[in-house]
Chemist: 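I'd like to ask some things about the structure below.
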Amino acid sequence: MSTQDDKAKEVSADGAAGPIILFFILGLAATLVFGWVIFPKLLYSQKKQPIDFNHILHVEAVEEGCESCHFFREDGSFSGIPKLAQCVECHEDAQGEDPNEVKFVEEYVANGREVPWLVYARQPDCVFFSHAAHVKKAEMDCGTCHGHIGESEHSRVYEENRITGYSRDIWGKNISGLRKHTWERMKMDDCAECHATKEIKTDVETLPWPINWLPRPYEKQTGNQARVKTVKEACFVCHK
Amino acid sequence: MNIGRRSFLSFVIGGAAGTAITPLPWKLIDDSSIWSQNWPWTPVPPDGEYSQVNSVCTLCPGGCGITLRKVDDRVVKIEGMKGHPINDGGLCLMGLSGLQLLYGPTRVKTPLKRVGKRGEGKWEKISWDEAISEVTKKLADIRSNGESHAVGSIVDSESGTVPNLFKRFLTAYGSPNFMTMPSIQDTYGMTLQLMQGVSAQAGFDAENADFILSFGSGIIDGWGSPVRMFKANSAWKANGKKVVQIEPRLSNTAAKSDKWIPIKPGTEAVLALGLANVIITNSLDSKKISRSTGFESFKKLVQNEYSIDKVSKITGINSATIVSLAKNFARASKPLAICGKGQGSIPGSLNEFMAVHALNALVGNINKEGGVWAVTETDYIKWPKLEMDSVAENGMQKERIDGAGSEYPHANSLLNRLAEVINSGDGSLEVIFVSGANPLYSMPDSKAMKTAFDSIPFVVSFSSYMDETADNADLILPNHVYLERYEDVPTLAGLSKPIVGLTRPVVKPQFDTKHVGDVVMLIAKALGGGMADAFPWESYEACLKETLGVKWDVLVEKGFEFNGDKCILEGDFNFYPEAMKSLSNFTPVSAEGSAISYPLILIPYDTIRLANGYIGDPPFAIKAVEDTVLKGKNSCVEINPKTGKELGLTEGRYASLLTPRGKAKVKVHLYEGIMPGIIALPRGLGHTAYDKYLAGKGCNFNELIGPAEDPVSGLDAAWGIRARLTKV
């Protein structure tokens with residue numbers, strides 16, 4: 001009697017369930033390995049900075065800390081990575097015997113060539129970012145976005161995204177896009193984290209009497225601190 | 001174990017599930033969107049130190065202040081200078097596109113000597129020393145033969161140190177043939193001379209006027225100082241002031257005016273006199289300028305010769321419109337009448353200018369707020385007196401080749417006559433210098449001008465760009481462009497307060513070019529003797545600093561200074577100068593050609609998007625030209641649908657346009673905004689030189705029209721030409 005039992009037997013007789021699960025797991029495992037391990041290796045090319053730069057050594061030697069080299073210009077714009085002219089102020093000739101410095105002096109200073117530094121934090125051109133607003137006005141620490149770069153002895157390997165051309169630092173080292181610290185990622189969401197949530201950071205004066213047409217709790221902004229939380233026209237704060 | 005279809009599918013499903021929980025798809029989506037923002041053809045400004053420099057735009061005579069935004073050594077943007085008295089932060093399309101003239105492909109990069117035939121485009125790069133000795137040798141030969149007057153120069157204007165260096169050079173050399181590019185300023189200057197007895201320019205207090213009567217002036221099409229006029233126009237709109245535009249075509253200015261009155265082209269003077277008649281007859285001239293002469297004769301002229309019916313018949317405007325226009329104009333508290341068609345590059349009929357100016361005098365707004373001021377520039381050029389040797393004195397005794405000062409005593413320069421004089425064999429030149437001008441493109445009947453140039457044995461161009469004139473020169477000594485050089489820029493352009501600006505080297509010269517002022521001095525010094533003594537300065541910069549004196553520091557700091565004053569009217573206003581007598585039997589400047597062979601009338605029009613002087617449209621600007629003006633590679637001819645129907649022409653059809661001076665293939669654009677029987681073509685197209693972005697687009701209006709000499713001034717008064725349009 002051919003019943004449902006027979007059919008069930010047939011299936012199990014094929015021994016198909018085992019391989020099906022096995023192959024499912026195989027496919028799953030293969031892509032997991034590919035996606036999590038091989039893909040990041042393929043996606044990013046590894047580049048070395050033209051000169052291995054020792055931040056610790058320099059910070060000890062200069063007087064004004066980070067700002068000695070990464071300073072604000074008179075008009076308030078930020079100088080970013082120093083130009084050759086600044087380096088030459090001290091390094092017209094090699095000061096020590098470090099092969100990196102010798103290379104720097106011979107290849108760049110002697111020829112008047114700018115060092116083609118690879119910028120870990122380079123943002124797309126469509127992003128307007130004012131260092132002054134964040135560092136001077138909001139008194140944020142450099143490390144909040146840039147991490148402990150000032151405490152490095154060697155330049156990190158610069159990992160360049162083969163598709164976008166941007167540094168891996170923007171997406172973050174973790175390929176999953178998750179991060180622990182604020183400086184581990186520099187995507188738009190990271191900017192938005194403050195800009196969408198933090199309220200006005202300013203001193204307010206509470207008005208002595210309740211006025212019904214003023215918003216509660218009858219506060220008047222006293223400082224000239226701009227709102228951090230962007231609301232109306234929020235896009236155009238960064239995308240001019 | 002049987003690995004079959006199911007196992008395979010299972011593998012794929014497992015793979016898909018696995019992929020979905022890896023970052024791969026999400027990361028790829030993100031990356032590809034960023035990748036699409038960074039395609040290599042997307043322009044991205046360089047990174048570096050930002051700075052701003054103030055300078056002056058010289059792309060038109062408007063004299064706008066500009067602020068250049070720089071990143072390190074590269075200029076990345078030109079903006080209008082905030083607080084500048086002319087343009088206060090505003091800037092036109094040409095001004096904004098100026099960087100393409102600095103970095104673009106049309107620059108002449110080094111001195112060039114022609115090796116092929118003229119216009120063939122075969123050049124040899126030579127050094128500056130070779131170039132200057134070449135010119136010097138030629139000039140020395142001509143001078144030793146006593147032919148010094150056979151050297152001429154064409155520059156863009158009369159004022160400023162560079163034109164004056166040319167003038168001084170020619171005077172010291174012994175030639176009176178210093179010619180300038182024509183404009184309405186020539187006619188306005190002459191009008192003020194004849195009617196007010198002052199040597200001054202017309203300055204319009206447009207901002208304070210409350211009724212603007214424009215006889216075809218392209219208020220928002222580039223007339224006067226364009227950005228200033230744009231701003232004035234906006235202010236009129238905002239404050240409810242009235243603008244009446246009189247012209248045969250619905251231009252942008254007409255479209256934005258309060259009233260557009262189409263008129264038969266060339267009859268504007270008649271309308272102005274008709275309006276004067278209504279004003280006088282209705283005793284609306286109570287505010288008339290108090291001290292005047294010739295009023296009775298003028299009154300007799302307009303009342304006898306310019307009756308409303310007659311004016312209506314000649315101009316094609318109905319009588320009621322004329323009467324109400326005259327009344328509204330006279331009753332306004334600050335009425336202002338202006339003329340000079342389009343952008344004002346054609347000087348126009350002296351009669352028309354005098355008639356319009358008489359209207360202003362009738363309503364009493366000469367030298368008044370909201371009216372026309374006679375303004376003069378401060379002449380800060382006080383150079384040591386020129387010691388002329390005998391050759392120079394002999395040469396300067398000779399008559400000018402263009403007849404200015406002799407045949408036409410009121411004119412200073414009549415470049416419009418040059419081609420005819422040379423081509424008819426009445427005069428000849430051995431050498432011509434061209435600086436800041438492109439006469440082979442922008443003079444009416446440019447083909448005749450080219451023929452004339454062909455017979456001049458030695459043509460030297462100082463152009464920074466490979467324009468039509470440079471292309472047909474024997475030697476090009478490229479000047480720095482305006483963003484690379486110091487130069488004073490005196491600006492009148494209808495301003496009620498003349499201004500002088502200073503262009504400055506915002507970037508270092510990008511190529512092996514030299515300042516034209518320096519080159520003129522180098523040539524003079526190489527010629528030696530009195531020529532060298534005439535230029536005691538070490539360099540152009542030294543000359544400029546010395547000339548400007550105390551102004552220099554102000555100009556360096558601020559970028560501009562007011563330079564001149566309003567003239568006080570000393571004598572009487574003359575309503576009826578000698579030159580106006582021809583109006584008693586009025587024959588308007590007629591369009592060339594017979595009405596039988598050429599049944600239509602072709603007029604030009606200007607638009608703010610097309611440059612038609614020395615500068616050709618930069619690539620950004622030419623992209624902004626509408627496809628009703630330039631379609632593909634063809635200019636569009638505007639034609640009234642009625643006329644189109646009669647000729648069997650439909651929208652977008654090709655047609656052949658024929659005038660007594662030339663022909664062109666055009667596309668038909670049916671347009672209700674043009675009077676029947678009249679067709680219009682844009683000026684500023686049809687370049688054969690410059691770069692691939694500009695050359696070969698449309699046809700050059702100047703190849704289709706010839707100059708028409710004004711009988712009194714000798715200036716070009718052509719407003720149109722007869723034409724025939726046939727299907728192709």
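All chains are named by letter (A, B, ...) in the order of the sequence lines, taking the proteins before the strands, and each is independently numbered beginning at 1. Note: hydrogens, waters and symmetry copies are ignored here, and every other heavy atom, side chains too, is used.
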Chemist: Does atom CD (A:E107) have a neighbourhood of more than 12 heavy atoms from anything else shown, all under 6.0 Å?
Modeler: yes
Chemist: Measuring heavy-atom distances to chain B, does A:L43 have an atom under 4.5 Å in its side chain, in its backbone, in both, or in neither?
Modeler: side chain
Chemist: Kindly check if the number of other-residue, nucleotide or ligand heavy atoms within 6.0 Å of NZ (B:K70) is above 12?
Modeler: yes
Chemist: Is it the case that more than 12 heavy atoms not belonging to A:Q46 sit under 6.0 Å from its CD atom?
Modeler: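 Buried by this count: over 12 neighbours within 6.0 Å.
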Chemist: So which part of A:F78 gets closer than 4.5 Å to some heavy atom of chain B, the side chain, the backbone, both or neither?
Modeler: neither
Chemist: Kindly check if the number of other-residue, nucleotide or ligand heavy atoms within 6.0 Å of CG (B:D73) is above 12?
Modeler: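 Atom CG in B:D73 is not crowded, with 12 or fewer foreign heavy atoms closer than 6.0 Å.
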Chemist: Is it true that atom OH of B:Y693 has more than 12 heavy atoms of other residues, nucleotides or ligands lying nearer than 6.0 Å?
Modeler: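 Open: at most 12 neighbouring heavy atoms sit under 6.0 Å from OH of B:Y693.
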Chemist: So if I take each residue of residues 9-42 of chain B and look for any heavy atom under 4.5 Å from a heavy atom in chain A, which residues do I end up with?
Modeler: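 If one takes a 4.5 Å heavy-atom cut-off, the residues of residues 9-42 of chain B near chain A are B:S10, B:F11, B:I13, B:G14, B:G15, B:A17, B:G18, B:T19, B:I21, B:T22, B:P23, B:L24, B:K27, B:L28, B:D30, B:D31, B:S32, B:I34, B:W35, B:Q37, B:N38.
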Chemist: To the nearest 0.5 Å, how far apart are CZ in A:R73 and OG in B:S51?
Modeler: 9.5 Å
Chemist: Using a cut-off of 6.0 Å, state whether more than 12 heavy atoms not belonging to B:F620 lie near its atom CZ.
Modeler: no
Chemist: Considering residues, nucleotides and ligands other than B:K77, do more than 12 of their heavy atoms fall under 6.0 Å from its NZ?
Modeler: no
